[in-house]
Amino acid sequence: MQVCVYCASSNSIAAPYFALAEELGRAMAQRGWGLVYGGGSVGMMGVVARAVQAAGGRVVGVIPQFLLDREVGYLQADELIVTHTMRERKRLMDERADAFIALPGGFGTLEELLEILTLRQLGYHDKPIIIVNAGGFFDPLLAQFERGFAQGFTHPHHRRLYVAVETIAAALEQLAGSL
Ligand code: AMP
């Protein structure tokens, strides 16, 4: 199984978030699952990639040329795919992955999560999407989703498109159950 992880590129976040990324990377590799991600060496992205490799797992990074030029690419990835555009990059990440996990992050993470959710809603894929709501980080986003369901913007039936969990262990259990 190849798991695509969306998470923060920021280094200016609290230590427990890095620990969360490390825990996920290690746990994935222990299950024999590979990582597909944005190919960054920074923030939680770099931590999750290094943790996967440290535990014997394989890392596939998909990064646009301009980010590589800024020297934020993870050159130690087992496979580093360089794309021309952000859109091409996301398409490759989607194709390569069997499931998606969102950890806490900023705009980039939210954008990736919402796009993959929307694509599932539209029937472009039917792969599991797990939101790791560690420490309630995603509470406001999940509340926004609920507002959409309550006011008819999103069909309540689409609540099945994602699963929100609080821990890495629960995220992996969810994915293991969907195999
Ligand atoms: P953000 O949540 O805004 O920090 O953005 C993180 C997400 O956007 C990641 O999952 C990446 O796919 C992408 N991204 C943002 N910054 C970078 C970077 N420096 N290198 C690679 N990918 C990045």
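Counting convention: from 1, in listed order, for ligands and their atoms alike. Positions are given from 1, in the same order as the sequence printed here.
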Nearest to [atom], what protein heavy atom do you find, and at what distance?
| atom | result |
| --- | --- |
| atom 19 (N) of ligand 1 | Val72 CG2, 3.4 Å |
| atom 13 (C) of ligand 1 | Glu112 OE2, 3.6 Å |
| atom 3 (O) of ligand 1 | Gly108 N, 2.8 Å |
| atom 18 (C) of ligand 1 | Leu67 CD1, 3.8 Å |
| atom 6 (C) of ligand 1 | Cys7 O, 3.1 Å |

Using a 4.0 Å cutoff against the non-hydrogen atoms of [X], which atoms of ligand 1 qualify?
| X | answer |
| --- | --- |
| Ala8 | 4 (O) |
| Val42 | 19 (N) |
| Gly105 | 2 (O) |
| Gly40 | 20 (N), 21 (C) |
| Gly38 | 12 (O), 21 (C), 22 (N) |
| Phe107 | 3 (O) |
| Tyr6 | 10 (O) |

Side-chain contact test, heavy atoms from C-beta onward, threshold under 4.5 Å: evaluate it for His125 versus Phe100 and give yes or no. yes
Query raised in the report: Any side-chain heavy atom of Tyr37 within less than 4.5 Å of one from Val59?
Result: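 When only atoms from C-beta onward are counted, Val59 and Tyr37 do touch, with a gap below 4.5 Å.
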Between the main-chain N or O of [Y] and the side-chain N or O of [X], is there a donor-acceptor pair closer than 3.5 Å?
| X | Y | value |
| --- | --- | --- |
| Asp98 | Gln2 | yes |
| Arg89 | Gly38 | yes |
| Ser41 | Val72 | yes |
| Arg58 | Gly34 | no |

Check your understanding: Between Glu112 and Lys90, is there a side-chain N and carboxylate O pair less than 4.0 Å apart?
Key ->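 Here Glu112 does not pair with Lys90 in a salt bridge, since their nearest N and O are not under 4.0 Å apart.
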Does only the side chain of Met45 get under 4.0 Å from ligand 1, or the backbone, or both, or neither? Count heavy atoms.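 The side chain, only.
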Do you reckon Ile63 sits in the same ILVMFWY cluster as Val36, going by side-chain contacts under 4.5 Å, direct or chained? no
Next item on the list: Consider only side-chain N and O atoms of Tyr74 and Gln53, and report whether a donor and an acceptor are under 3.5 Å apart.
Entry: yes
- Could you tell me if any non-hydrogen atom of Arg89 lies under 4.0 Å from any atom of ligand 1? yes
